Number of protein chains: 2
Amino acid sequence: MERKTPTIQDVARFANVSTATVSRALSSPEKVSEGTRARVSEAVRVTGYTLNQAGRSLRQRSAKTILVALPDIRNPFFSSILDAIEREAAARGYGVLVLNLYFGHETIRRLQDFLLSNRADGLLLLDGSVDTNLLQALAGQADAIPIVVACEEIPNSGFHTVLTDNVDAAERATQHLIDLGHRRIGHLLGPDHNVVSRERFTGFARALAASGLAPVPEWSFRGNFDMESGFSAAARFLSMTERPTAIFAANDESAIGFLSGLRQHGIICPRDISVVGFDDLGVAPHYVPPLTTMRQPREALGRMAAEALIDIVEDPDALGIPLRIVLRSELVVRESTARIARGGTNKAGADTPSS
Amino acid sequence: MERKTPTIQDVARFANVSTATVSRALSSPEKVSEGTRARVSEAVRVTGYTLNQAGRSLRQRSAKTILVALPDIRNPFFSSILDAIEREAAARGYGVLVLNLYFGHETIRRLQDFLLSNRADGLLLLDGSVDTNLLQALAGQADAIPIVVACEEIPNSGFHTVLTDNVDAAERATQHLIDLGHRRIGHLLGPDHNVVSRERFTGFARALAASGLAPVPEWSFRGNFDMESGFSAAARFLSMTERPTAIFAANDESAIGFLSGLRQHGIICPRDISVVGFDDLGVAPHYVPPLTTMRQPREALGRMAAEALIDIVEDPDALGIPLRIVLRSELVVRESTARIARGGTNKAGADTPSS
DNA sequence: ATTAGTTATGCAATCGATTACACGCGGCCG
DNA sequence: CGGCCGCGTGTAATCGATTGCATAACTAAT
């Protein structure tokens with residue numbers, strides 16, 4: 001009973017044709033006569049044949065697989081993008097390999113390996129902080145490896161890019177706070193080295209400038225995109241005597257951590273402080289209070305990035321110039337932001353509102 | 001400048017040895033002399049050789065890749081398990097293919113394809129609701145495909161399984177509510193057909209029974225593991241005249257949706273109701289109120305499942321009998337549960353105003 | 001010195017599918 | 001009638017790496 005998985009040879013034998021014909025019948029049916037086609041289908045059915053992808057990959061030098069490299073799968077922001085990517089890839093017959101990109105050379109080596117070893121046909125990179133030289137070496141060769149960078153921009157790299165309008169969105173988020181009457185506005189930063197962090201800060205500063213304000217260095221809280229860092233920032237906030245009345249947080253997770261920290265000391269949002277986040281995570285509408293936030297079109301972003309990558313994989317000349325798609329984020333107003341209180345309740349000492 | 005990626009042939013030519021020797025130098029160094037080994041390394045360095053995985057896979061019939069199939073990548077519970085799996089796999093030199101298992105035959109077909117086409121060496125299944133027949137066909141053949149089921153049990157299937165103690169954990173969660181003096185305890189269910197849902201309900205009922213109580217059918221709210229379903233359940237809760245004083249929710253997400261729905265109508269947790277969740281998501285400690293919940297050892301679960309699968313892939317006879325690992329969940333008490341209010345009969349209409 | 005054993009290496013087959021090229025056959029056109 | 005074209009098919013080379021078997025060069029043992 002030692003049956004091996006059937007190969008194209010078995011099918012050929014059964015259908016009484018050559019392996020070449022079987023191959024053609026399966027991948028370009030129009031090249032084969034109707035009768036033969038039927039015999040081959042039947043033979044496939046009977047033998048239970050399935051393609052051996054390794055054989056095909058070897059010959060065609062393509063793996064029908066894309067590699068998605070991201071800084072943290074656990075982050076719900078990335079995981080929903082990954083979801084969209086997987087859907088799109090599946091629809092086009094591609095598999096998705098995921099690679100956690102902690103940091104350091106080790107993982108870069110692995111990334112390179114995956115690509116060079118013909119396990120993946122292209123790279124979808126969801127992290128802007130990867131060594132550019134290395135990537136360009138990969139992308140610049142004669143048989144260049146298709147790369148699409150999504151979410152985070154790698155400046156001047158010339159890679160195809162799909163991202164959201166971080167600067168502009170941050171500006172609008174901050175403007176929302178200004179529109180509500182806030183003048184003392186702080187920012188909960190993202191990680192230092194991160195491009196997205198910087199863009200959001202830029203948009204923040206730009207909105208302030210447009211209203212004749214300037215960022216107060218004290219009110220830029222260190223953060224890291226995660227809840228813990230928001231929580232720690234709250235401690236610093238609480239220790240200050242001159243506090244902002246509103247905060248633009250670099251993302252929802254840190255906003256939540258921040259609010260959670262404040263709440264433990266009786267600072268209530270939006271009564272005492274307004275907070276606007278970024279991302280519109282699933283929990284945002286169900287948090288207490290429901291979070292005002294910039295909604296990034298995550299599904300679209302993932303889908304379009306995957307689409308573009310596969311287009312290039314299938315026809316390297318498809319795109320003349322580097323692609324650059326910018327998707328617009330949308331402000332979702334909920335309950336974590338409110339018009340500034342009239343009498344300026346927000347005192348930690350004897351501070352007067354600037355109005 | 002039309003350089004192709006170098007092959008083992010190029011290395012062999014450069015090092016003045018045969019391809020066989022190069023292959024051996026790279027994968028079993030102890031079989032070649034020291035001098036040759038050095039020449040080969042040098043040649044590899046100079047030519048910039050990297051292995052072509054397709055070639056190796058074809059010959060060795062192994063892809064150095066595992067397939068992880070899950071119902072929803074976006075779900076933070078799964079994404080952190082996926083993270084752990086990826087880490088373990090990476091450490092052992094394996095790649096990870098992910099497959100979203102929406103439902104229906106189409107995806108099952110894809111799953112089968114991946115396995116049969118030699119793109120993956122084994123399957124890590126994070127979903128108990130897959131057609132068992134098909135899986136057993138895959139697993140039962142002469143050259144069986146290694147399968148490990150994690151998170152969700154497939155009863156009587158004989159698959160290797162790694163999971164958490166759902167029944168027992170649910171019992172302890174409910175017991176916690178009983179210990180706080182609650183007697184009128186409801187349950188926010190998971191999806192109907194789901195094994196895990198049922199196990200958690202079983203544990204719930206068991207805890208009640210141990211205290212001489214029984215589940216009140218009215219107080220078992222339909223749910224779906226997601227926030228929306230928790231939110232809807234809240235509406236039903238609000239419409240009832242006889243309400244439970246505590247709820248055991250099938251998971252944190254639905255607990256959050258439920259609390260969010262209640263809050264909109266002034267029902268405050270834990271003052272008016274106690275809620276215990278399941279999973280200990282990242283947001284749990286930062287929710288308002290911080291959630292009491294059963295922490296599942298997600299990282300351990302993912303890691304151990306991956307470990308077991310790869311063990312089997314590398315040595316199919318490694319395990320004599322079907323593996324079955326059960327990990328213990330841990331109750332994390334936070335602020336969403338409280339001792340029942342003294343006179344608190346919790347009747348609708350008799351609500352104390354919230355502010 | 002002969003034999004046996006060990007070590008290092010090469011030769012060539014092999015994994016499974018694809019595809020360039022060649023061939024045979026029938027129809028069509030000049 | 002002869003040449004050309006196109007269709008359907010088969011033959012065999014090919015993709016890149018691994019590995020069973022053979023061989024050669026030494027060492028050790030008798």
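By convention in this document, chain letters (A, B, ...) are assigned in the order of the sequence lines, proteins followed by strands, and residues within each chain are numbered from 1. Keep in mind it's a predicted model, so treat the numbers as computed, not measured.
Electrostatic pairing of A:E42 and A:R45 counts as a salt bridge here, judged by a charged N lying under 4.0 Å from a carboxylate O. Under 4.0 Å is where a charged nitrogen must lie from a carboxylate oxygen, and between B:R110 and A:E86 at least one such pair does. Electrostatic pairing of B:R37 and B:E34 does not count as a salt bridge here, judged by no charged N lying under 4.0 Å from a carboxylate O.
The distance from the OG1 atom of B:T5 to the CG atom of A:L116 is 7.5 Å, given to the nearest 0.5 Å. Distance check, rounded to the nearest 0.5 Å: CD1 of B:I8 to OG1 of B:T21 gives 9.5 Å. The distance from atom CG of A:L309 to atom CG of A:L124, rounded to the nearest 0.5 Å, is 5.5 Å.
A:T50 comes within 4.0 angstrom of sugar-phosphate atoms only, judged by non-hydrogen atoms across all strands, and of no base. At a threshold of 4.0 angstrom between heavy atoms, the contacts of A:V17 are confined to the sugar-phosphate backbone, with no base atom among them. Within 4.0 Å (heavy atoms only), A:T36 reaches sugar-phosphate atoms of the nucleic acid but no base atom.
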Which pairs of donor and acceptor atoms, one on a side chain in residues 74-84 of chain B, lie under 3.5 Å apart (sequence neighbours left out)?
from: B:R74; atom 1: NE; to: B:D72; atom 2: OD1; distance (Å): 3.4
from: B:N75; atom 1: OD1; to: B:F77; atom 2: N; distance (Å): 2.7
from: B:S79; atom 1: OG; to: B:P76; atom 2: O; distance (Å): 3.3
from: B:S80; atom 1: OG; to: B:P76; atom 2: O; distance (Å): 3.4
from: B:S80; atom 1: OG; to: B:F77; atom 2: O; distance (Å): 3.3
from: B:S80; atom 1: OG; to: B:R298; atom 2: NE; distance (Å): 3.4
from: B:D83; atom 1: OD1; to: A:N100; atom 2: ND2; distance (Å): 2.5
from: B:D83; atom 1: OD1; to: B:R87; atom 2: NH1; distance (Å): 3.0
from: B:D83; atom 1: OD2; to: B:R87; atom 2: NH1; distance (Å): 2.6

Taking distance alone, no hydrogens or angles, what donor-acceptor pairs closer than 3.5 Å link side-chain atoms of residues 48-55 of chain B to residues at least two apart or in another chain?
from: B:N52; atom 1: OD1; to: B:A54; atom 2: N; distance (Å): 2.8
from: B:N52; atom 1: OD1; to: B:G55; atom 2: N; distance (Å): 3.2
from: B:Q53; atom 1: NE2; to: B:S57; atom 2: OG; distance (Å): 3.3

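Across the protein-nucleic acid pair, A:R37 atom CZ and D:dG8 atom P stand 9 Å apart, rounded to whole Å. For B:L51 and D:dT18, the CG to C1' distance is 10 Å, given to the nearest whole Å. Between B:Y49 atom OH and D:dT18 atom C1' the separation is 10 Å, expressed in whole Å. Rounded to whole Å, the distance from CD on A:Q9 to P on D:dG10 is 13 Å.
With sequence neighbours excluded, the residues satisfying side-chain hydrogen bond (donor to acceptor under 3.5 Å, both in side chains) with A:R119 are B:T65.
Direction of the helix axis in the helix from C:dA1-D:dT30 to C:dG30-D:dC1 shifts by 50° between the two five-pair termini, rounded to 10°.
Regarding contacts with the backbone of D:dG10, a side-chain N or O of A:T21 is found under 4.0 angstrom from either OP1 or OP2. Proximity of B:S23 to the phosphate of D:dT19: no side-chain N or O atom is located under 4.0 Å from OP1 or OP2.
Of the residues in residues 28-35 of chain B, B:V32, B:S33 come within less than 4.0 Å of DNA chain C through at least one heavy atom, sorted by number.
Between the side chains of A:E314 and A:Y94, at least one donor N or O sits under 3.5 Å from an acceptor N or O.
Judged by atom type and distance alone, A:R59 reaches the base of D:dT14 through a side-chain donor-acceptor pair under 3.5 Å.
With a 4.5 Å cut-off on side-chain heavy atoms, A:L67 and A:L115 count as touching.
Between B:R61 and B:R39, the one whose closest nucleotide on DNA chain C sits nearer the 5' end is B:R39.
Counting 5' to 3', DNA chain C first comes under 4.0 angstrom of a heavy atom of chain A and last does so at the ends given by C:dG16 to C:dA20.
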